[in-house]
Amino acid sequence: MICGGPGASTTQVAGWRDTPDPKETTMASTWLVDSAEVGHLVARIFDVARTEPLVVVSPVSETGSPRISVEYLVGQLPPGTEVAVLKTMKASRVLSDTVDTQFQCYGGSVRVILPGATRTDYWRRHRLFTVYPEDDEEAACRLIARHVVNSQGAGPAQHVSGRAPGGILDMRQAAELAEYRRRLIDRSSEDGVDEQAPPRQTPPGSPGPKPGPGLRKVVAAAPAQATAETAPAPQPAPEPAAQPTVTRERAVTVDAEALEKMLDRKVDAIVGRVTAGVEEGLLALLNEELQAQDRERSRADSLAEQNADLQQRLDAAQGAGRDVRQVFADPEKQLRWEIEQAWLTGTPESERSAALSTYTLGPQFLESMDADIVPRAKTVRVMVDVLAGHAWDRHETHQFTTAARGGRPRVREDGATAWRTYVKAESPGAPRLTWWQCVDGSAEFAHVGHHDELI
């Protein structure tokens, strides 16, 4: 049944009856959660009256649906389990924004939230199952159902896997150890009495007591009955203090080997529990790492799409700049007009108080502007920045030396210094604008073209 929330009216899905027989409740309850109902889901997560696990299923952005068959999962879950299916990606985002990390569910994953959930729960208690496109969805559903079965009856104070916590020793073993402790105490008290009594005579040459299995020690007391020769004569006064002390022989056997085996069994059980907990923790850490990688991949993909969109818009703008309005037949006059228009349209009026520097064009410059790799609009924009004094802070600009590496700066006889400014970067040819900084503050544009071309 898929319904709007716990206790809401049901609708028929996958052959389920609208009004199930209360005597035959054999399936888990399922309800769809949209963004407006996330508050009800959060309230159900922390509902103290909830006694069964709550399974939250999230959709993926590619299809807007879960990666598993919810119907198949419901068929595998035990009766009483609640399955909340996040209907949209928005519902998944709202849930992630509302709850802490240990309760978030997104990207097609499935979260099993145990009863007694609190906001301070340890993050491993409510297990998150990450389902990937290449996974067997039926096997994933069975794995989730098995975890839910093992978690039934788990409360706030129990282990994350749902197993009830137990002591190191059960009741029978604890009783045995208590009895063993009592015997040791009794033996200690008897040893204290024997220290005051005369030592027991052992016939010469007779062997001592034989050791039994393990490490055994036999503590012997006085003979059970006094013989006729050693029995004292009756005293005339029947005072209790005058009667001899008659004790029964008692032997306490400490079987260290049996105790060691019992402790070994408990150690093995403890090791098994610790190993299972470590394995579960490692799987949880691995799932968290994989989820972080998925989020970073999604973020990288989104940034790549944004970058491609911006690049297309930039290319379109530069392409539109190539079709500059032709107002002069003279190439130099046309270029000077384009420089002025680029300065006026690209510079706020408040920043035009200082006019552009004067400039001249070298004998090869207009011809170099017609090269295929030279974007005319971008070149004009760079020329405006050079004339406005912004070449050093807006573009990569350096002195043009006599050699590619370690050469001396190029200086003409009139004292002008050669500079190069990047028109484009990280592209085939990467065109450079080469210009001279004259001693009077003016600029002479010499060449624009391939970065390996020299003047």
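Only a predicted model underlies this, so the values are computations on that prediction, with no experimental measurement involved. Just so it is clear, the values below take in all heavy atoms, side chains as well, and ignore hydrogens, waters and symmetry mates.
Applying the ring pair (Phe, Tyr, Trp, His ring centres under 6.0 Å) definition to pairs two or more places apart or across chains, those involving residues 93-118 are Phe46-Phe103, Phe103-His126. Residue pairs satisfying the ring pair (Phe, Tyr, Trp, His ring centres under 6.0 Å) criterion with at least one member in residues 261-291, sequence neighbours excluded, are absent. Within the structure, the salt bridge (Lys or Arg N to Asp or Glu O under 4.0 Å) test picks out no pair touching residues 92-115 (sequence neighbours left out).
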request  = Begin from the C-alpha positions of Leu73 and Val55 and carry the test side-chain contact (heavy atoms from CB on, under 4.5 Å) through to its verdict.
outcome  = CA-CA 10 Å; Leu73 175 62; Val55 180; 4.2 Å; yes

From CA spacing to verdict: side-chain contact (heavy atoms from CB on, under 4.5 Å), Thr417, Gln399 = CA-CA 8 Å; Thr417 305; Gln399 286 189 330; 3.5 Å; yes

query = Are Val423 and Val374 close enough, and set up right, to give a side-chain contact (heavy atoms from CB on, under 4.5 Å), and what steps lead you there?
reply = CA-CA 8 Å; Val423 177; Val374 176; 5.8 Å; no

task = Determine, stepwise, if the pair Arg265 / Asp268 fulfils side-chain contact (heavy atoms from CB on, under 4.5 Å).
result = CA-CA 5 Å; Arg265 287 195 300 269; Asp268 292 340; 5.5 Å; no

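Contact record, Pro375 with Lys424: CG-CD, 3.8 Å, taken as the closest heavy-atom pair. Residue Ala117 comes nearest to Ile45 through the heavy atom pair CB-O, 3.5 Å, listed as atom of the first residue, atom of the second, then distance. The shortest non-hydrogen separation linking Pro431 to Ile373 is CG-O, 3.6 Å. Taking both residues in full, the closest heavy atoms of Leu86 and Ser92 are given as CD1-CA, 3.8 Å, listed atom of the first, atom of the second, then distance. Nearest approach of His147 to Ser151, heavy atoms of both residues: O-OG, 2.7 Å. Between Arg50 and Pro115 the shortest heavy-atom distance is O-CB, 3.3 Å.
In this structure Ser368 satisfies the side-chain contact (heavy atoms from CB on, under 4.5 Å) test together with Phe365, His447, Val448, sequence neighbours excluded. Remark: Tyr422 pairs with no residue by the ring-ring contact (aromatic ring centres under 6.0 Å, His included) rule, at least two apart or across chains. With sequence neighbours left out, Ala284 forms a side-chain contact (heavy atoms from CB on, under 4.5 Å) with Trp123, Arg124. Remark: Thr345 engages no residue in a side-chain contact (heavy atoms from CB on, under 4.5 Å) (not counting sequence neighbours). In this structure Asp47 satisfies the salt bridge (Lys or Arg N to Asp or Glu O under 4.0 Å) test together with Arg44, sequence neighbours excluded. When the side-chain contact (heavy atoms from CB on, under 4.5 Å) test is applied to Ser109, the partners found at least two apart in sequence or on another chain are Ser58, Cys105, Leu128. With sequence neighbours excluded, the residues satisfying salt bridge (Lys or Arg N to Asp or Glu O under 4.0 Å) with Arg394 are Asp385.
Here the OG1 atom belonging to Thr434 is positioned 4.0 Å from the CZ atom belonging to Arg420, to the nearest 0.5 angstrom. To the nearest 0.5 Å, atoms CH2 (Trp31) and NE2 (His40) are separated by 8.0 Å. The CG atom of Leu41 sits 9.5 Å away from the OG1 atom of Thr98 when rounded to the nearest 0.5 Å. Of the inter-residue distances, the one linking Leu263 atom CG with Ile270 atom CD1 reads 9.5 Å to the nearest 0.5 angstrom. With rounding to the nearest 0.5 Å, the separation of OG in Ser29 from CD in Glu52 is 10.0 Å. Note that OG1 of Thr130 is 6.5 Å distant from CG of Leu290, once rounded to the nearest 0.5 Å.
Under a 3.5 Å cut-off, the side chain of Gln102 and the backbone N or O of Arg119 do form a donor-acceptor pair. Although no hydrogens or angles enter the test, the distance criterion places a donor-acceptor pair under 3.5 Å between the side chain of Thr347 and the main chain of Trp343. Looking at Asp135, its side chain does come within 3.5 Å of a backbone N or O of Tyr132 through a donor-acceptor pair.
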Report all side-chain donor-acceptor pairs from residues 137-146 shorter than 3.5 Å, counting only partners two or more places apart or in another chain.
unit_1, atom_1, unit_2, atom_2, d
Glu137, OE2, Ser69, N, 3.2
Arg142, NH1, Tyr72, OH, 3.1

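Inter-residue side-chain proximity for Val99 and Gln104 is flagged as met; some heavy-atom pair is nearer than 4.5 Å. Within the 4.5 Å cutoff, no side-chain heavy atoms of Val110 are placed close to those of Val56. Proximity of His390 to Val384: side-chain heavy atoms (C-beta onward) are nowhere separated by under 4.5 Å.
For Thr421 and Glu396, the side-chain atoms include no donor-acceptor pair closer than 3.5 Å. Side chains of Trp419 and Thr397: no donor on one and acceptor on the other come within 3.5 Å.
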